Amino acid sequence: MQDVLTNTKKSKELYKRACELIPGGVNSPVRSFKAVESEPLFITKAKGSYIWDADQNKYIDYVCSWGPLIHGHAHPEATEAIENALAKGISYGASHENEIELAEIIIKHMPSIERIRLVNSGTEAVMTALRLARAFTKRNKIIKFSGCYHGHSDSVLSNSGSGIATLGLPSCAGVTKNTASETITLPFNNFHNVEMTISKFPKEVAAVIVEPVVGNSGVIPPEANFLKSLRELTKKHNCLLIFDEVITGFRLALGGAQNIYKIIPDLTILGKIIGGGMPIGAVGGKKEIMELLAPLGPVYQAGTLSGNPISVACGIATLNMLNEETYTYLESISSLLCESIKEINEETNNKVQINRVGSMFTIFFTGTRVYDYASSKKSNTKIFTKFFQNMLQNGIYLAPSQFEANFISTSHKEEDIKKTLAVYKQVISAV
Ligand code: KE4
């Protein structure tokens with residue numbers, strides 16, 4: 001196969017220029033390929049399960065814009081919805097009917113949400129949810145889990161996953177000690193620890209925020225009853241349970257992880273898929289909590305482009321294409337890939353774990369089970385780097401970090417899986 005990493009002359013030129021103007025040459029750190037000792041590719045086109053870089057190299061894409069593109073790149077129904085919306089204007093800064101339609105679709109599939117507010121990113125939605133939790137409970141402390149990532153607002157940057165884990169940042173500069181002191185970070189899947197901690201701070205914890213299936217340490221499923229126990233514990237202590245479903249919302253089911261694990265959180269964070277690749281976020285939940293938001297209540301939150309007509313139109317088209325068959329297909333194509341990888345691992349007797357929930361998966365280079373951030377960090381990131389580079393050189397574009405999820409879309413076909421497995425077999429024995 002063409003060695004794409006050497007034939008990336010145009011990307012290298014563009015990267016050099018970008019670095020003169022943009023910190024690290026990127027507008028989001030995980031795209032920098034820094035963790036995999038490579039320079040980022042500059043993408044020029046994307047369609048279905050494929051992306052092309054500035055040197056016309058073609059890849060099978062398992063990043064899918066970090067999750068939003070459940071139907072693959074530039075699905076005609078999504079692009080048509082955008083074009084139709086565009087013909088009616090770009091932004092009104094005023095209410096429009098499609099905001100109601102998107103809210104109706106989300107609430108239909110996520111009955112825990114009685115009221116929903118659209119924003120422009122997952123970060124904004126998390127920031128708003130924490131503000132609401134503190135206002136509703138009149139408490140300050142937040143419990144989060146190491147390796148989970150909830151966007152880059154100050155309260156949730158300690159011991160985070162995704163880019164913080166990828167770049168090995170101990171914590172984030174610029175977050176005040178005061179702010180950091182209000183956030184308690186505990187190991188995921190360790191309920192006893194949460195129970196002990198909450199009882200140590202009676203009436204001080206406003207909320208527990210969790211990725212119900214972690215994507216940002218690499219994929220880590222909840223152990224049996226972990227989420228149910230968190231629900232019971234938070235109820236007992238009158239603090240809120242916040243499900244960050246930015247990744248899992250409409251990824252794992254029509255609705256989210258809350259439908260699969262049958263948990264009713266007090267607040268839910270959404271993003272990614274509900275915008276179909278356009279900028280969006282949402283916070284939703286119980287009416288009595290959500291109606292604290294201005295203009296009804298004292299919790300202020302706003303956004304110039306919140307509910308933007310183009311994002312909303314793309315989100316409606318994306319969600320309207322989802323049905324039970326979507327998830328049946330995603331389960332079959334994802335299990336074909338991941339079960340076949342497991343078979344190859346057994347044949348080649350290598351130290352690789354693969355965690356998968358639905359159409360999100362991570363290949364960890366470690367001999368031990370990955371059930372929390374500490375165990376995911378035991379992965380050999382040097383081998384992962386060689387693996388990533390070799391897969392890329394052979395046209396397979398995986399998330400450029402051991403601590404991220406890879407995604408499969410309905411546009412990934414069996415031939416893509418077969419090619420990926422052939423490359424995997426060749427590469428895994430080499431690394
Ligand atoms: P945004 O602000 O990036 O829209 O959403 C933040 C966020 C919140 N919650 C979860 C569970 C998330 O995964 C994210 C963002 N995910 C990362 C990748 N895992 C986005 C990619 C990036 O940072 O460039």
Side-chain angles (χ1 to χ4, degrees), residues 22-36 40 43 61-70 118-130 142 144-157 159-167 169 172 188 207-222 242-252 256-258 265 267-284 303 305-306 308 311 314-315 357 360-362 373 376 397-407:
I22 305 166
V26 292
N27 284 311
S28 197
V30 274
R31 304 177 192 169
S32 65
F33 283 42
K34 196 163 175 235
V36 287
I43 304 305
D61 177 24
Y62 287 100
V63 178
C64 300
S65 184
W66 303 95
L69 306 175
I70 194 162
L118 296 180
V119 295
N120 298 287
S121 68
T123 294
E124 266 189 84
V126 167
M127 200 166 66
T128 307
L130 297 182
I142 300 290
K144 70 177 284 285
F145 296 93
S146 43
C148 286
Y149 176 71
H150 304 291
H152 62 89
S153 61
D154 284 3
S155 294
V156 287
L157 276 174
N159 305 75
S160 282
S162 185
I164 300 258
T166 300
L167 300 172
L169 296 174
C172 176
F188 183 70
V208 173
I209 183 168
V210 66
E211 291 183 61
V213 173
V214 180
N216 289 297
S217 309
V219 175
I220 302 179
I242 302 174
F243 266 21
D244 181 344
E245 298 226 40
V246 165
I247 289 182
T248 55
F250 294 94
R251 165 61 55 185
L252 300 181
Q258 57 192 267
L267 291 174
T268 297
I269 314 291
L270 295 168
K272 296 185 194 270
I273 291 175
I274 68 163
M278 293 295 291
I280 202 162
V283 49
L305 301 175
S306 296
N308 170 271
S311 294
C314 188
V357 180
M360 57 192 278
F361 70 96
T362 298
Y373 186 43
S376 86
Y397 190 97
L398 294 168
S401 160
Q402 174 66 95
F403 308 106
E404 288 287 357
N406 297 287
F407 298 98

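Atoms within each ligand, like the ligands themselves, are counted from 1 in listed order. Treat the numbers as computed from the prediction; the structure is a model and nothing was measured.
Looking at Ser28 against ligand 1, only its side chain comes within 4.0 Å, counting heavy atoms. Contacts between Glu124 and ligand 1 below 4.0 angstrom, taking non-hydrogen atoms only, are absent altogether.
At least one donor-acceptor pair under 3.5 Å links the side chain of Ser311 to the backbone N or O of Pro279.
Taking any N or O of Trp66, backbone or side chain, none lies under 3.5 Å from an N or O belonging to ligand 1. Below 3.5 Å of separation, one finds no N or O of Val246 facing any N or O of ligand 1. Looking at ligand 1, you won't find any N or O of Arg31 less than 3.5 Å from one of its N or O atoms.
The closest non-hydrogen atom to atom 16 (N) of ligand 1, taken over Glu211, Lys272, Glu245, comes from Lys272.
Near Ser121, meaning under 4.0 Å from any of its heavy atoms, are these atoms of ligand 1: 2 (O), 4 (O). Shown in contact with His150 at under 4.0 Å from a heavy atom are these atoms of ligand 1, numbered in order with element: 8 (C), 9 (N). Near Asn216, the atoms of ligand 1 lying under 4.0 angstrom from a non-hydrogen atom of the residue are 10 (C), 11 (C), 12 (C), 13 (O), 18 (C), 19 (N). Here is the list of ligand 1 atoms found below 4.0 Å of a heavy atom in Ile247: 13 (O).
Under the 4.0 Å distance rule, the nearest protein heavy atom to atom 9 (N) of ligand 1 falls inside the cut-off.
The only option from Arg251, Lys272, Gln258 that meets the side chain to side chain donor-acceptor pair (under 3.5 Å) definition with Glu245 turns out to be Gln258. Exactly one residue among Ile273, Val214, Asn216 makes a side-chain contact (heavy atoms from CB on, under 4.5 Å) with Ile247. That residue is Asn216.
With no hydrogens or angles considered, no side-chain donor-acceptor pair links Thr362 and Glu404 at under 3.5 Å. In summary, the side chains of Thr248 and Glu211 do not present any donor paired with an acceptor at a separation below 3.5 Å, with no hydrogens or angles considered.
Protein heavy atom at the shortest distance from atom 3 (O) of ligand 1 is Thr123 OG1, 4.6 Å. The protein atom (non-hydrogen) at minimum distance from atom 1 (P) of ligand 1 is Gly122 N, 3.5 Å. Taking atom 11 (C) of ligand 1 as the reference point, the nearest protein heavy-atom neighbour is Tyr149 O, 3.3 Å. Counting protein heavy atoms only, atom 7 (C) of ligand 1 is closest to Gly151 N, 3.7 Å.
Across all non-hydrogen atoms, the minimal contact from Cys314 to Gly275 is SG-O, 3.4 Å. Scanning both residues, Pro400 and Ala35, for their nearest heavy atoms gives O-CB, 4.1 Å.
For the atom pair Tyr149 OH and Asp244 CG, the distance stands at 10.0 Å (nearest 0.5 Å). The CG atom of Leu398 sits 6.0 Å away from the CZ atom of Phe361 when rounded to the nearest 0.5 Å. Between the CD1 atom in Ile280 and the CG atom in Asn308 there is a gap of 8.5 Å [rounded to 0.5 Å].
Judged by the shortest distance from any of its heavy atoms, Ser162 lies inside the 4.0 Å radius around the atoms of ligand 1. Heavy-atom distances between His152 and ligand 1 stay at or above 4.0 Å for every pair. Residue contacts with ligand 1 include Val30, since one or more of its heavy atoms lies under 4.0 Å from the ligand.
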- Going through the distances and angles, do Thr268 and Val283 end up as a side chain to side chain contact (heavy atoms under 4.5 Å, CB included)? CA-CA 6 Å; Thr268 297; Val283 49; over 6 Å; no

